[in-house]
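Side-chain atoms are counted along with the backbone in the values below, which use heavy atoms only and exclude waters and symmetry mates. Along the sequence shown, the residues carry numbers beginning at 1.
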Amino acid sequence: MVIKIYSIIVVLCNSIFAVLLFRKVWRKRREMSKEPGNPFLLALYSMGLQFLAAFGVSDFSVSIIVYKKFRLVEDKNLPGTLMNCCVIPVAVMAVGYLSVTDIDPVTLIVCVISGLLGALAGTSIISKMKSSSIHMLMIIALAMAAGTLLIRLLGLIPPGGSDMGFSGWKLVMAAIITFVLSGLSMGGFAVTALLLCFFYIMGLNPLAAFPLAMGTVSLACAFGGSRYVAQGNFNKKLALLSTVFGSLGAFIAVHFVKNLNTTVLQWAVLAVVVYSTVYMITERCKGKSVKSKSIKRESVKKRGIRKKGVKFEPKKKNEAIETVSKGECNYE
């Protein structure tokens, strides 16, 4: 009964998110038309990605790589785009998996509330971060995703226990973990795989682990995504196409494809994630090197101007006028 009520709440909250998203996209339709990317190819990409995400492939990790490689999204809009692209597809997965699984209602309620609080805290912090900080956040997110994926593929995570829910200290730990990871998910971290790892380690039955993870993040994504919609810090074209076609891919995976062996694909994703992490680190280091050199050149230039007997004379008349207007002329 509790799971059915929760599924209805998920549908209602995500319906509200969809209305807010469509309204924002309609208002910004001219801006959306100028955003990069072929709509047809992006629609196919969204459908395929969310189809695979239903079987455990990290959509956040893959999307970070694709968006950076093809320059589809600016760094400042990356967290909001990642979040808004997955809100409705995750809701489709959550409702589909919860309908066929018997999870402890108390565990579900506690994890959902913790996830909501974490999402609200995460969006408040990340929305105020600079582009350089978000870039660093994406590097950490990819590194953590690569580590988690490697651990899963090597079979270092326990296969899980027989529990269909948590109690006592395990329930408290589950609440803390979902709060922290839901907050991190607002910044582009692939938290579903991490949630599964912790749930398995604490003895949760694998049949309950994935539905609980999806059910936990579904409302968190809706609330976090709504805040990004209000702020406008996301790619409208990608969010719209993923909401429509990504949800279709998730629906097909949940209701028509019961099992899919993605081991080979997961290894390929791991290789790409590691490559992209290294690439983004080197890109960041080069950017810092260029910035420090430009600062040194400016510093040397200013010291040269201030030397005794050296006067700064702009070559162009317009530059001289601009300098005077800014109050930067030195009268001797």
Side-chain angles (χ1 to χ4, degrees), residues 6-7 9-10 12-14 16-17 50 53 56 58-61 63-64 78-95 97-98 103-129 134 137-138 140-145 147-148 165-166 170-202 204 208-231 233-234 239 250:
Y6 176 68
S7 297
I9 293 173
V10 169
L12 291 174
C13 291
N14 281 272
I16 294 172
F17 167 81
Q50 296 303 331
S58 175
D59 56 319
F60 272 28
S61 301
S63 292
I64 291 173
L78 200 50
T81 303
L82 291 169
M83 182 55 54
N84 288 340
C85 283
C86 79
V87 173
I88 304 299
V90 165
V92 172
M93 297 178 208
V95 173
Y97 287 128
L98 287 173
I103 302 175
D104 176 44
V106 176
T107 302
L108 179 62
I109 292 171
V110 170
C111 289
V112 166
I113 294 174
S114 301
L116 283 174
L117 295 175
L120 293 174
T123 50
S124 300
I125 295 171
I126 292 167
S127 62
K128 299 175 184 177
M129 294 176 67
I134 292 175
L137 201 65
M138 293 301 105
I140 298 172
L142 284 175
M144 288 182 64
T148 306
F166 298 122
K170 288 185 178 181
L171 186 60
V172 175
M173 283 298 299
I176 295 171
I177 289 168
T178 51
F179 174 85
V180 174
L181 293 183
S182 294
L184 291 174
S185 71
M186 301 298 111
F189 286 79
V191 300
T192 305
L194 291 172
L195 276 175
L196 289 174
C197 291
F198 285 115
F199 290 164
Y200 289 156
I201 290 170
M202 291 191 291
L204 194 66
F210 195 76
L212 179 60
M214 301 307 296
T216 298
V217 302
S218 58
L219 278 187
C221 289
F223 277 84
S226 298
R227 297 197 68 174
Y228 280 122
V229 169
Q231 295 163 2
N233 297 333
F234 67 100

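Note that CG of L78 and CG of N233 are 11.5 Å apart. Values are rounded to the nearest 0.5 Å. With rounding to the nearest 0.5 angstrom, the CZ atom of F198 is 7.5 Å from the CE atom of M173. Here T216 contributes atom OG1 and L181 contributes atom CG; the two are 10.5 Å apart, rounded to the nearest 0.5 Å. We find the CG-OG distance between L120 and S226 to be 10.0 Å, quoted to the nearest 0.5 Å.
At a threshold of 4.5 Å between non-hydrogen side-chain atoms, the residues L98 and M214 do not count as touching. Residues L195 and V217 form a side-chain contact, since some pair of their non-hydrogen atoms from C-beta on lies under 4.5 Å apart.
Between C221 and V87 the shortest heavy-atom distance is O-CG2, 3.4 Å. Looking at every heavy atom in both residues, Q50 comes nearest to P89 through OE1-CB, 3.5 Å. For the pair L116 and A220, the tightest heavy-atom approach, listed with the atom from each and the gap, is CD2-N, 3.9 Å. When all heavy atoms of A121 and F179 are compared, the pair lying nearest together is CB-CZ, 4.5 Å. Residues L212 and I103 approach most closely at N-CD1, 3.7 Å, considering heavy atoms. Closest heavy-atom contact between F60 and C86: CE1-SG, 3.6 Å.
A donor-acceptor pair under 3.5 Å links the side-chain atoms of T178 to the main chain of A175, judged by distance alone.
Take S114 and apply the side chain to side chain donor-acceptor pair (under 3.5 Å) test, not counting sequence neighbours, and it matches no residue. Under the side-chain contact (heavy atoms from CB on, under 4.5 Å) criterion, A174 pairs with C111, F166, M202, sequence neighbours left out. When the side chain to side chain donor-acceptor pair (under 3.5 Å) test is applied to S218, the partners found at least two apart in sequence or on another chain are Y6.
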* Where do T81 and Y228 land on the side chain to side chain contact (heavy atoms under 4.5 Å, CB included) test, with the steps shown first? -> CA-CA 8 Å; T81 303; Y228 280 122; over 6 Å; no
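Shown here is F223, whose CZ atom has no more than 12 heavy atoms of other residues, nucleotides or ligands within 6.0 Å.
Partner C13 forms a side-chain contact (heavy atoms from CB on, under 4.5 Å) with one of I16, I9, V10 and no other, that one being I9.
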